[in-house]
K.L.:
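First the structure, which I've put down as C-alpha coordinates, then a few questions once you've had a look.
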Amino acid sequence: MKSEPDVYSIDDLAAKSPAMWEGCRNYTVRIFFRDQMAIGDLAFFYSSNADPSGIAGVMQIVSEAYPDPTQFDPNSHYFDPKSPVEAPRWVLRDVAFLEKFKRVIPLAELKEHPGLQEMMVVKKGQRLSVMPVTPEEWGIVMAIPGIRG
DNA sequence: GCCAACGTTGGC
DNA sequence: GCCAACGTTGGC
(Lines give C-alpha, C1' and ligand atoms only; values in the text may rest on other atoms or scores of the structure.)
Protein backbone atom coordinates (compact mmCIF):
# COMPACT_ATOMS: atom_id res chain seq x y z
CA MET A 1 0.00 0.00 0.00
CA LYS A 2 1.58 3.22 -1.22
CA SER A 3 1.80 6.56 0.47
CA GLU A 4 3.84 9.64 -0.25
CA PRO A 5 5.90 10.34 2.89
CA ASP A 6 5.52 14.07 2.35
CA VAL A 7 1.80 13.54 2.80
CA TYR A 8 1.72 10.59 5.17
CA SER A 9 4.77 8.64 6.28
CA ILE A 10 5.27 5.40 8.16
CA ASP A 11 6.36 7.53 11.12
CA ASP A 12 2.99 9.26 10.98
CA LEU A 13 1.30 5.88 11.18
CA ALA A 14 3.57 4.75 13.99
CA ALA A 15 2.73 7.91 15.92
CA LYS A 16 -1.02 7.40 15.61
CA SER A 17 -2.12 3.83 15.04
CA PRO A 18 -4.51 2.46 13.98
CA ALA A 19 -5.43 4.94 11.29
CA MET A 20 -7.72 5.22 8.28
CA TRP A 21 -6.06 4.50 4.93
CA GLU A 22 -7.90 7.31 3.23
CA GLY A 23 -7.94 8.90 -0.16
CA CYS A 24 -7.91 5.94 -2.57
CA ARG A 25 -9.93 6.97 -5.63
CA ASN A 26 -9.49 4.09 -8.03
CA TYR A 27 -11.99 1.38 -8.89
CA THR A 28 -9.48 -1.45 -8.93
CA VAL A 29 -8.24 -0.43 -5.52
CA ARG A 30 -11.84 -0.30 -4.35
CA ILE A 31 -12.22 -3.97 -5.24
CA PHE A 32 -9.04 -4.79 -3.32
CA PHE A 33 -10.28 -2.95 -0.26
CA ARG A 34 -13.74 -4.42 -0.39
CA ASP A 35 -13.14 -8.00 -1.46
CA GLN A 36 -9.48 -8.94 -1.37
CA MET A 37 -8.51 -8.05 2.19
CA ALA A 38 -9.40 -9.59 5.52
CA ILE A 39 -8.94 -8.41 9.07
CA GLY A 40 -5.56 -9.64 10.24
CA ASP A 41 -3.93 -9.49 6.82
CA LEU A 42 -0.46 -7.98 6.72
CA ALA A 43 0.58 -5.26 4.28
CA PHE A 44 3.75 -3.50 3.28
CA PHE A 45 3.92 0.24 3.75
CA TYR A 46 5.42 1.49 0.48
CA SER A 47 6.85 5.00 0.32
CA SER A 48 6.23 6.53 -3.10
CA ASN A 49 7.61 9.75 -4.55
CA ALA A 50 10.34 9.42 -1.96
CA ASP A 51 14.11 9.18 -1.84
CA PRO A 52 14.32 6.31 -2.15
CA SER A 53 10.90 4.99 -3.01
CA GLY A 54 10.39 1.51 -1.62
CA ILE A 55 9.11 -0.68 1.16
CA ALA A 56 9.39 1.05 4.52
CA GLY A 57 7.74 -1.39 6.89
CA VAL A 58 4.80 -3.57 7.81
CA MET A 59 1.26 -2.88 8.92
CA GLN A 60 -1.90 -4.87 9.51
CA ILE A 61 -5.46 -4.58 8.24
CA VAL A 62 -7.63 -4.11 11.33
CA SER A 63 -11.10 -3.23 10.03
CA GLU A 64 -13.61 -4.22 7.43
CA ALA A 65 -14.07 -1.91 4.46
CA TYR A 66 -16.24 1.12 5.20
CA PRO A 67 -16.96 4.46 3.49
CA ASP A 68 -14.03 6.86 3.34
CA PRO A 69 -15.30 9.97 5.17
CA THR A 70 -13.01 12.29 3.24
CA GLN A 71 -15.10 11.81 0.08
CA PHE A 72 -17.95 13.76 1.73
CA ASP A 73 -15.80 16.58 3.13
CA PRO A 74 -15.73 19.65 0.87
CA ASN A 75 -12.63 20.84 2.68
CA SER A 76 -10.73 17.64 2.03
CA HIS A 77 -8.27 17.18 -0.77
CA TYR A 78 -10.04 13.86 -1.38
CA PHE A 79 -13.54 15.34 -1.64
CA ASP A 80 -15.62 13.69 -4.38
CA PRO A 81 -18.75 15.70 -5.19
CA LYS A 82 -20.03 12.80 -7.31
CA SER A 83 -20.17 10.46 -4.33
CA PRO A 84 -23.53 10.72 -2.53
CA VAL A 85 -23.63 9.98 1.20
CA GLU A 86 -26.45 7.51 0.66
CA ALA A 87 -24.41 5.59 -1.93
CA PRO A 88 -20.74 6.09 -1.11
CA ARG A 89 -18.35 5.49 -3.92
CA TRP A 90 -15.10 5.01 -2.01
CA VAL A 91 -14.13 2.80 0.88
CA LEU A 92 -11.10 2.37 3.10
CA ARG A 93 -9.80 0.12 5.83
CA ASP A 94 -8.13 0.86 9.11
CA VAL A 95 -4.49 -0.16 9.37
CA ALA A 96 -2.26 -0.63 12.39
CA PHE A 97 1.47 -0.03 12.54
CA LEU A 98 3.51 -3.14 13.16
CA GLU A 99 7.11 -2.52 12.19
CA LYS A 100 9.43 -0.05 10.49
CA PHE A 101 12.35 -1.57 8.62
CA LYS A 102 15.86 -0.47 9.52
CA ARG A 103 16.15 0.83 5.99
CA VAL A 104 13.78 1.39 3.10
CA ILE A 105 14.04 -1.40 0.52
CA PRO A 106 14.35 0.58 -2.70
CA LEU A 107 12.26 -0.29 -5.73
CA ALA A 108 15.48 -0.86 -7.68
CA GLU A 109 16.49 -3.54 -5.19
CA LEU A 110 13.12 -5.26 -5.53
CA LYS A 111 13.49 -5.21 -9.32
CA GLU A 112 16.91 -6.84 -9.11
CA HIS A 113 15.78 -9.64 -6.84
CA PRO A 114 15.40 -12.87 -8.82
CA GLY A 115 12.42 -13.99 -6.73
CA LEU A 116 10.45 -10.80 -7.13
CA GLN A 117 10.26 -10.42 -10.90
CA GLU A 118 6.52 -11.09 -10.89
CA MET A 119 5.74 -8.88 -7.90
CA MET A 120 3.08 -6.45 -9.03
CA VAL A 121 4.77 -3.32 -7.72
CA VAL A 122 7.87 -4.22 -9.76
CA LYS A 123 6.00 -4.47 -13.04
CA LYS A 124 6.38 -1.65 -15.52
CA GLY A 125 3.50 0.75 -15.77
CA GLN A 126 1.91 -0.45 -12.57
CA ARG A 127 0.59 2.60 -10.77
CA LEU A 128 -2.09 1.31 -8.44
CA SER A 129 -1.72 2.60 -4.91
CA VAL A 130 -2.74 -0.76 -3.45
CA MET A 131 -1.55 -4.04 -4.91
CA PRO A 132 -1.60 -7.69 -3.89
CA VAL A 133 1.51 -9.50 -2.63
CA THR A 134 1.78 -13.28 -2.78
CA PRO A 135 2.86 -15.26 0.30
CA GLU A 136 6.04 -16.23 -1.54
CA GLU A 137 6.90 -12.60 -2.30
CA TRP A 138 6.12 -11.66 1.26
CA GLY A 139 8.54 -14.26 2.57
CA ILE A 140 11.29 -13.19 0.20
CA VAL A 141 11.02 -9.54 1.20
CA MET A 142 10.90 -10.30 4.91
CA ALA A 143 14.02 -12.45 4.55
CA ILE A 144 16.13 -9.68 3.03
CA PRO A 145 19.08 -9.37 5.41
CA GLY A 146 19.46 -6.38 7.64
CA ILE A 147 16.01 -4.86 7.43
CA ARG A 148 14.54 -6.13 10.68
CA GLY A 149 15.39 -5.28 14.22
C1' DG B 1 -20.07 2.46 -27.11
C1' DC B 2 -15.98 4.35 -29.36
C1' DC B 3 -12.02 6.94 -28.86
C1' DA B 4 -9.37 11.32 -28.65
C1' DA B 5 -8.06 14.51 -25.33
C1' DC B 6 -6.81 15.33 -21.00
C1' DG B 7 -5.27 14.51 -16.20
C1' DT B 8 -2.67 11.89 -12.85
C1' DT B 9 0.81 8.89 -11.09
C1' DG B 10 5.25 8.18 -9.97
C1' DG B 11 9.98 6.63 -11.29
C1' DC B 12 13.91 8.64 -12.92
C1' DG C 1 11.17 18.58 -14.87
C1' DC C 2 10.40 14.87 -18.11
C1' DC C 3 7.60 11.52 -19.80
C1' DA C 4 5.57 6.69 -20.04
C1' DA C 5 1.62 4.49 -18.71
C1' DC C 6 -2.89 4.38 -17.90
C1' DG C 7 -7.45 6.01 -16.00
C1' DT C 8 -11.24 9.19 -16.83
C1' DT C 9 -14.04 12.31 -19.36
C1' DG C 10 -16.95 13.81 -22.79
C1' DG C 11 -18.24 14.57 -27.68
C1' DC C 12 -20.32 12.13 -31.10
Side-chain angles (χ1 to χ4, degrees), chain A residues 1-17 19-37 41-61 65-134 136-148:
Chain A
M1 297 168 70
K2 297 182 184 176
S3 181
E4 301 188 18
D6 290 348
V7 178
Y8 186 78
S9 72
I10 192 167
D11 293 325
D12 292 327
L13 176 61
K16 187 174 176 299
S17 169
M20 296 186 293
W21 197 265
E22 64 191 32
C24 289
R25 298 292 181 263
N26 175 283
Y27 289 104
T28 303
V29 171
R30 185 175 75 172
I31 292 169
F32 291 154
F33 271 129
R34 209 184 255 169
D35 305 329
Q36 309 283 111
M37 292 179 175
D41 281 354
L42 301 179
F44 289 128
F45 189 113
Y46 181 96
S47 298
S48 60
N49 258 334
D51 188 19
S53 293
I55 299 174
V58 177
M59 55 195 179
Q60 186 167 34
I61 306 302
Y66 64 96
D68 181 344
T70 63
Q71 70 195 306
F72 309 127
D73 179 1
N75 297 317
S76 170
H77 176 67
Y78 302 119
F79 178 55
D80 183 355
K82 294 179 183 172
S83 181
V85 178
E86 62 277 13
R89 186 176 289 193
W90 307 113
V91 298
L92 55 68
R93 287 191 185 238
D94 293 342
V95 297
F97 174 80
L98 285 190
E99 156 174 16
K100 180 181 176 180
F101 291 153
K102 289 174 157 181
R103 63 178 179 89
V104 171
I105 306 166
L107 178 60
E109 186 174 334
L110 299 175
K111 285 180 174 173
E112 285 169 8
H113 201 294
L116 299 177
Q117 297 306 302
E118 297 302 311
M119 194 175 183
M120 210 166 159
V121 73
V122 163
K123 296 264 178 153
K124 190 181 177 189
Q126 185 47 72
R127 297 175 313 156
L128 292 175
S129 63
V130 175
M131 288 176 278
V133 179
T134 68
E136 292 74 22
E137 291 159 355
W138 185 273
I140 289 169
V141 171
M142 294 300 278
I144 292 174
I147 60 168
R148 310 191 68 187

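Just so it is clear: chains get the letters A, B, ... in the order the sequence lines come, proteins before strands, and each one is counted from 1.
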K.L.:
Between A:R103 and A:E109, is there a salt bridge with N-O shorter than 4.0 Å?
P.N.:
yes
K.L.:
Where do A:M131 and A:K2 come nearest, in terms of heavy atoms and distance?
P.N.:
CE-CE, 3.5 Å
K.L.:
At a heavy-atom distance below 4.0 Å, what parts of residues 119-131 of chain A sit against DNA chain C?
P.N.:
A:K124, A:G125, A:R127
K.L.:
Closest approach of A:A96 and A:L13, non-hydrogen atoms and distance?
P.N.:
C-CD2, 4.5 Å
K.L.:
Using a 4.0 Å cut-off on heavy atoms, which residues in residues 100-111 of chain A reach DNA chain B? List them by number, or say none.
P.N.:
A:L107, A:K111
K.L.:
Looking only at the side chains, is there a donor atom on one of A:D94 and A:W21 sitting less than 3.5 Å from an acceptor on the other?
P.N.:
no
K.L.:
For DNA chain B, what residues of residues 66-88 of chain A have any heavy atom nearer than 4.0 Å?
P.N.:
none
K.L.:
Give the residues of residues 26-34 of chain A touching DNA chain B, defined as any heavy atom closer than 4.0 Å, sorted by residue number.
P.N.:
none
K.L.:
Check A:T70 against A:S76 and note the closest heavy-atom contact, atom names and distance.
P.N.:
CB-OG, 3.5 Å
K.L.:
If the condition is salt bridge (Lys or Arg N to Asp or Glu O under 4.0 Å), which residues does A:R34 pass it with, not counting sequence neighbours?
P.N.:
none
K.L.:
Show which side-chain atoms of residues 47-55 of chain A pair as donor or acceptor with protein atoms under 3.5 Å away, not counting sequence neighbours.
P.N.:
unit_1, atom_1, unit_2, atom_2, d
A:N49, ND2, A:E4, OE2, 3.3
A:S53, OG, A:N49, N, 3.3
A:S53, OG, A:A50, N, 3.1
A:S53, OG, A:A50, O, 3.3

K.L.:
Under the rule for ring pair (Phe, Tyr, Trp, His ring centres under 6.0 Å), what residues qualify as partners of A:F33, not counting sequence neighbours?
P.N.:
none
K.L.:
Among all residues two or more places apart in sequence or in another chain, which pass the salt bridge (Lys or Arg N to Asp or Glu O under 4.0 Å) test with A:D73?
P.N.:
none
K.L.:
Taking ring pair (Phe, Tyr, Trp, His ring centres under 6.0 Å) as the definition, give me every residue that meets it alongside A:F32, ordered by chain and number, with sequence neighbours left out.
P.N.:
none
K.L.:
Minimum heavy-atom separation for A:A19 and A:Y8, please, with both atom names.
P.N.:
CB-OH, 3.4 Å
K.L.:
Under 4.0 Å from a heavy atom of chain A: give me the 5'-most and 3'-most nucleotides of DNA chain C that qualify.
P.N.:
C:dA5 to C:dT9
K.L.:
Which atom pair, heavy atoms only, marks the closest approach of A:R93 to A:M37?
P.N.:
NH2-O, 3.0 Å
K.L.:
Please report whether the ring centroid of A:Y27 lies less than 6.0 Å from that of A:W90.
P.N.:
yes
K.L.:
I need the minimum non-hydrogen distance between A:L116 and A:L110, along with the two atoms involved.
P.N.:
CB-O, 3.6 Å
K.L.:
Would you call A:D68 and A:R25 a salt bridge, using N to O less than 4.0 angstrom?
P.N.:
yes
K.L.:
For A:E99, check salt bridge (Lys or Arg N to Asp or Glu O under 4.0 Å) against everything at least two apart and list the hits.
P.N.:
A:R148
K.L.:
Determine whether the side chains of A:S83 and A:Q71 contain a donor N or O and an acceptor N or O closer than 3.5 Å.
P.N.:
yes
K.L.:
Name every residue in residues 45-57 of chain A that has at least one heavy atom under 4.0 Å from any atom of DNA chain C, in order of residue number, or write none if there are no such residues.
P.N.:
none
